[in-house]
Amino acid sequence: MLSVIKSGGVAGVDGYLVHVEVNITQGLPQFITVGLPDASVKESKERVKSAINNIGISFPLRKIVVNLAPADILKQGTIYDLPIAVGILTASGQISSKVLEDFAFVGELALDGSLRKIRGTLPIVMELKEKGIKNVVLPVENGKEGALVEGINIYGFRSLREILEFFNGGISVEPIKVNREAIFRADSVYPDFSEIRGQYAVKRALEIAAAGFHNILMIGSPGSGKSMMAKAFPSIMPPLTFQEAIETTKIHSVAGVLDDFVVRERPFVVAHHTTSDVAVIGGGNVPKPGLVSLAHNGTFFMDELPEFKRNVLESLRQPIEDKVVTVSRASGSYTFPAKFQLIAAANPCPCGYRNDPNRECKCSPREIKRYMGKLSGPVVDRIDMICWVSSVDPEDLSKMSTGESSSVIRERVIKAVEIQRKRFRETGINFNSEMSPSMLERFVVLDSSAENALITALKKYRFTARSYHRILKLSRTIADLEGSDIVMLKHIIEAVNFKLSEEIYS
């Protein structure tokens, strides 16, 4: 007898519909799986056999052929255990095929018949909804994640026995519901800006960066507070929108790093300087999202930037500019979202004390040039803001005021973000840093003095066209923080000062 069970798979970060066809016929006992399965899918026959036997049902001793369609796409993982088991139970008459018409099944089976948590639930459920599926059966641990998708019923079960009883009318189970309005965190687990004494110029730069989703490079001596300010940065970022949370959760779910059923706040991903380019960008034999994709809609922090390998730094060019990562393999191309905000920190020289008022630099000009030369022009050109961090004398720390708290700064950031969302509501973007050249002409209006100052700066510092556009975006954010519709002279001057990079190499 033939049965067809609906399921799903993941390619990149997108789901696709899979039909699990199970045919049981007379013949020598065999279990054959076709449809381009990988090793973990082929091994499912042993898990399925044990699970069915351990829930008190005899496994059919016949020829069983399982086809995973479409047969030209590689099927990976353990997510097909449940649909294969349900297909066998249906084909052997244990479950009526009529009650399964509007259902899809995704899940991994343990040998005792219990269901285990899987990866990639959210993109699969989203695709199943698009294909008109009305109900999805998942492991109970994945239930809330699947329930984030509106317009589809998610049923969570702990075992294959419960599923069998549910479809045979033995038990009643209600669809899982999620309160979408109450999923975001109100509290912050990051350091507060009030804990950082002094460094007012750097705090101002970080506030601008948070308001417009701009990239920033902080350069300063060891112990000047670069890392601490970077770690406090998420505390002033605007909260995730529900759509952004869904986008980010999809990536974390596919990568298997989703701790909760949803990403509740903007990611803060830290890369060590020994990290490889594949780990940062993504890849592998079967491409998986890298760190920049895990930081989607959040912050990607790179401490000791010149210590990273040159190929890692150069690999950041495309995702910084295009907000996506494309990984090509013989099996096809995979595109991963990567709209991250780069926060980088660097010492000004190998010893770390160039321009430090309290310590003498021991590096030669040649050593400094070689060290900072690791940051190529194209990479630096893609960074919106370059901020020098001065060290603070320990004796002066106790005398300095604590400054504004993160909550106060965040209120200003949120107001500026709301201005941007209203401005871009029909364009498909959210932040000033995402504007295209045509949008700059429409949304960045300079007064005469600001325009003259910008032209003078372009001639004096020989900015590239990319730097020119980034200065305009940055000045638009500075104006938004002040609630100004027009970009004025002071906004342009501040933006130009943050973009200057000659001192990096001198």
Side-chain angles (χ1 to χ4, degrees), residues 12-13 214-220 222 226-227 230 251-252 254-257 267-352 363 366-386 433 464-467 470 499 501-506:
V13 293
H214 299 287
N215 303 318
I216 182 171
L217 168 61
M218 296 180 288
I219 303 176
K226 303 185 298 295
S227 297
I251 300 169
H252 285 230
V254 170
V257 296
F268 182 75
V269 178
V270 180
H272 191 266
H273 64 266
T274 59
T275 307
S276 69
D277 56 337
V278 173
V280 170
I281 298 301
N285 292 331
V286 179
K288 297 293 183 182
L291 295 180
V292 293
S293 293
L294 295 178
H296 183 65
N297 289 319
T299 303
F300 183 50
F301 177 45
M302 302 178 74
D303 203 358
E304 306 294 347
L305 192 65
E307 299 294 341
F308 282 81
K309 295 178 182 177
R310 183 67 177 261
N311 62 326
V312 174
L313 296 177
E314 296 304 316
S315 68
L316 291 174
R317 290 195 200 180
Q318 185 223 347
I320 289 177
E321 199 72 18
D322 300 334
K323 311 299 183 185
V324 296
V325 170
T326 301
V327 179
S328 297
R329 294 289 183 270
S331 58
S333 293
Y334 300 80
T335 299
F336 302 112
K339 190 178 78 174
F340 62 91
Q341 186 170 13
L342 177 64
I343 304 294
N347 292 329
C349 64
C351 78
C363 304
R366 186 175 181 179
E367 289 173 329
I368 295 171
K369 189 172 183 179
R370 184 188 302 115
Y371 181 76
M372 299 308 294
K374 295 178 182 178
L375 307 180
S376 67
V379 172
V380 173
D381 201 33
R382 286 167 166 80
I383 296 176
D384 302 303
M385 309 172 72
I386 298 170
S433 61
T464 64
R466 181 185 288 113
S467 291
R470 290 185 180 273
K499 194 68 183 80
S501 59
E502 288 113 358
E503 293 184 14
I504 291 180
Y505 307 103
S506 60

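Looking at H252 and L294, their side chains come closer than 4.5 Å, going by heavy atoms from C-beta outward. Proximity of I216 to D384: side-chain heavy atoms (C-beta onward) are nowhere separated by under 4.5 Å. Put simply, the side chain of K374 does not reach to within 4.5 Å of the side chain of L305, judged on heavy atoms. Proximity of N347 to P306: side-chain heavy atoms (C-beta onward) are nowhere separated by under 4.5 Å. Looking only at side-chain heavy atoms (C-beta outward), R317 and S376 come within less than 4.5 Å of each other. In this structure, the side chains of V325 and V292 come closer than 4.5 Å at one or more pairs of heavy atoms. The closest side-chain heavy-atom distance from P287 to F336 is below 4.5 Å.
Atom OG of S315 sits about 3.5 Å away from atom CD1 of I281, to the nearest 0.5 Å. Note that CD1 of I386 is 5.5 Å distant from CG of L217, once rounded to the nearest 0.5 Å. The line from CZ of F301 to OG of S227 is 4.5 Å long, rounded to the nearest 0.5 Å. A distance of 9.0 Å separates CE of M385 from CD1 of I343, quoted to the nearest 0.5 Å. Here the CG atom belonging to L375 is positioned 8.5 Å from the CZ atom belonging to R310, to the nearest 0.5 angstrom.
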Worksheet item: Yes or no on side-chain contact (heavy atoms from CB on, under 4.5 Å) for D277 and K309, after CA distance, side-chain angles and deciding distance?
Response: CA-CA 8 Å; D277 56 337; K309 295 178 182 177; over 6 Å; no

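Partners of E321 under the salt bridge (charged side-chain N to carboxylate O under 4.0 Å, His left out) rule, at least two apart in sequence or in another chain, are R382, R466, R470. Partners of S467 by side-chain contact (heavy atoms from CB on, under 4.5 Å), not counting sequence neighbours, listed by chain and number: D381, F463, T464, K499. With sequence neighbours excluded, the residues satisfying ring-ring contact (aromatic ring centres under 6.0 Å, His included) with F300 are F340. The side-chain contact (heavy atoms from CB on, under 4.5 Å) test applied to V278 returns S276, not counting sequence neighbours. Applying the salt bridge (charged side-chain N to carboxylate O under 4.0 Å, His left out) test to E307 and every residue at least two apart in sequence or in another chain returns nothing. Applying the side-chain contact (heavy atoms from CB on, under 4.5 Å) test to T275 and every residue at least two apart in sequence or in another chain returns A271, H272, A279, V280, L291. The side chain to side chain donor-acceptor pair (under 3.5 Å) test applied to Q318 returns no partner, not counting sequence neighbours. Listed by chain and number, the residues in a salt bridge (charged side-chain N to carboxylate O under 4.0 Å, His left out) with D303 amount to none (sequence neighbours excluded). With sequence neighbours excluded, the residues forming a side-chain contact (heavy atoms from CB on, under 4.5 Å) with K323 are K339, listed by chain and number. Taking the side chain to side chain donor-acceptor pair (under 3.5 Å) definition, one finds that T299 meets it with nothing, sequence neighbours left out.
Looking at every heavy atom in both residues, A295 comes nearest to P267 through CA-CB, 4.1 Å. P289 and I251 make their closest contact through CB-CG2, 3.9 Å (heavy atoms, listed as atom of the first residue, atom of the second, distance). For the pair G352 and P348, the tightest heavy-atom approach, listed with the atom from each and the gap, is O-CD, 3.6 Å. Here the closest heavy-atom approach between residue K226 and residue G220 is recorded as NZ-O, 3.0 Å.
In this structure, S293 contributes its side chain and A338 its backbone to no donor-acceptor pair below 3.5 Å.
A donor atom on one side chain and an acceptor atom on the other are not found under 3.5 Å apart for S333 and T326.
Within the structure, salt bridge (charged side-chain N to carboxylate O under 4.0 Å, His left out) pairs that include any residue of residues 283-294 do not occur (at least two apart or interchain).
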